[in-house]
Amino acid sequence: MSHVLSRREFLAAAATGAAASALPISVASAQASNTESTAGSIAGNASTSAPAPAAADIYVAPTGERELVIGSLDDLEAQARKILPPGAFAYIASGADNQVTIRSNREELDRIRLLPRYLVGKPAPDLSTTLLGEKLSMPIITAPMGAQGLAHESAEIGAARGTGEAGTLYTMSTAANRTIEEVAAATRGPKWFQIYLHDDRGPSRELLQRAEAAGFTAIVFTIDAFAPGASDDTVRLGFSFPPNLPLVNSKTPFFKRSLGWDDVEFIQRTTRLPVILKGVVSPELAREAVKRGVAAIQVSNHGGRGLDGIPATITLLPGIVEAVDGRVPVIMDSGIRRGTDVFKALALGADAVALGRPVLYGLALGGSRGVKSVYDRIAAELQRAMLIAGVSTIDEINSDYIYEG
Ligand code: FNR
């Protein structure tokens, strides 16, 4: 019973927040604080709250399409909080438990110091790179994220389009609100499909086959999550996926709980596409994965949404890079917010990084154009970092630019 009431609370807040999202941000901000206090009072007294009106059962996401002026990707979180319903915002923004990992992701990136080289006579920086045969405008790609319809009406279509317009790669989540075929058609840019396995292999096989047929060029197998990310705030707000935003491909947000190397083999057998292992946090696992023919490693702690207490990915990266020893590309995600963060990850051996929440905030605030603005901003920052550091190509970024003290 309390579960039903709290879901209503979330949806009621959703409707209020969505109405606010159609307004300019300054006005939306005032409405959003109403939304927060409404949700707070209901959450504090669930047994006496009146059921929300039927219309509130429809989640209405932001719809605006606009270019964003972005000072820092960090600014986007506060702006998105103003226009998204509290439950949806908490689902996107929060980390698990005490949020130790989500904080360390940032703290450890900030702790690293860089040392530029001056008077080296380098040409202007070129950010382009190649990852598993895909030509990218920058070594930054979109991480797979579920239920993007929470952020914007265009959902995965807007995010894929914006990423493609920035000239880089979109990873589609199994837990998407749009079909594999719709997302494939939305971008001419490179695209990978992320798989969460079902208990039954039939639906998983079908997803893999559809992704290959639709033109996705690699499969990202996520090994560190089994259900939607739950934080203290999503529990307090009774967050669940709104019924009018179905997960159209997977039909469920709950996935196979017991995973082993036989599952990796199943995916490798079922698709001809290269398989990337996402969620690698130890050198041992990375070494075994390479031995078993995995095409790339994605070092990730799921943006601090999984096991709280896992170290920052930038801390784990060097050991994994050493274990992989250049045999396959290494991608890193979790906490990347700045061009200098990208530079640091590349200097410590990553071939590329993936961007998570900032893409969803850009989507919420400006649709596909907002996503493109996020990439334009971080690319400009990386370009500036390369220019000052004295490197002209992505391949030249190495540990010589890390200050060891
Ligand atoms: C995720 N992430 C994720 N990963 C995945 O493999 N499949 C998924 O469906 C999802 N869903 C998802 C939803 C939301 C709202 C977020 C924020 C994240 C994890 C994602 O791919 C990536 O690892 C982190 O988001 C990277 O950290 P930052 O950049 O968000 O700090």
Side-chain angles (χ1 to χ4, degrees), residues 61 73-74 76-77 80 84 87-96 99 101-109 140-152 155-156 159 163 169-178 183 192-197 207 218-231 233-234 239 241 245 247 249-250 252-255 259 275-281 297-307 310 312-314 316 331-338 341-342 345 350 352-364 374-375 378:
L73 265 54
D74 273 334
L76 299 175
E77 180 171 319
L84 287 173
F89 177 77
Y91 170 68
I92 294 169
S94 298
Q99 316 217 46
T101 296
I102 197 175
R103 271 197 309 277
S104 329
N105 283 337
R106 287 294 331 142
E107 286 165 2
E108 298 306 319
L109 275 162
I140 315 168
I141 64 174
T142 298
M145 289 174 285
Q148 297 185 2
L150 291 170
H152 195 264
E156 287 78 12
T163 303
L169 185 146
Y170 180 78
T171 315
M172 174 183 182
S173 165
T174 293
N177 296 128
R178 297 301 172 94
V183 178
W192 293 344
F193 181 74
Q194 176 267 328
I195 187 109
Y196 281 132
L197 291 182
L207 290 180
I219 300 297
V220 177
F221 178 31
T222 299
I223 57 174
D224 63 351
F226 311 91
S231 64
D233 280 344
T234 55
F239 173 79
F241 289 133
L245 280 183
L247 303 180
N249 302 292
S250 64
T252 171
F254 302 102
F255 300 102
L259 297 175
V275 177
I276 299 156
L277 213 56
K278 175 173 181 281
V280 175
V281 288
I297 298 288
Q298 190 150 341
V299 181
S300 170
N301 57 33
H302 220 92
R305 302 164 73 81
L307 181 64
I310 298 183
T313 48
I314 197 72
L316 299 167
I331 301 154
M332 191 201 98
D333 73 45
S334 301
I336 298 287
R337 299 292 180 270
R338 283 279 182 195
D341 297 336
V342 183
V353 299
L355 205 50
R357 295 175 181 89
V359 172
L360 291 187
Y361 300 143
L363 183 67
V374 166
Y375 276 104
I378 196 164

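Atoms within each ligand, like the ligands themselves, are counted from 1 in listed order.
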For a quick test of reading the model, state the closest non-hydrogen atom pair linking [X] to [Y] and the distance between them.
X: M145; Y: G356; value: CE-O, 3.1 Å
X: A354; Y: I331; value: N-CG2, 4.2 Å
X: E156; Y: Q148; value: OE2-N, 3.1 Å
X: A61; Y: A151; value: CB-C, 4.4 Å

Protein residues that have a heavy atom under 4.0 Å from any atom of ligand 1, sorted by chain and number
Y91, I92, A143, P144, M145, G146, S173, Q194, Y196, T222, K278, S300, H302, G303, R305, D333, S334, G335, R337, G356, R357, L360

In plain terms, say whether R106 and D341 are close enough for a salt bridge, that is, a side-chain N and a carboxylate O under 4.0 Å apart.
yes

Does D333 have any salt bridge (Lys or Arg N to Asp or Glu O under 4.0 Å) partners at least two apart in sequence or in another chain, and if so, which?
none

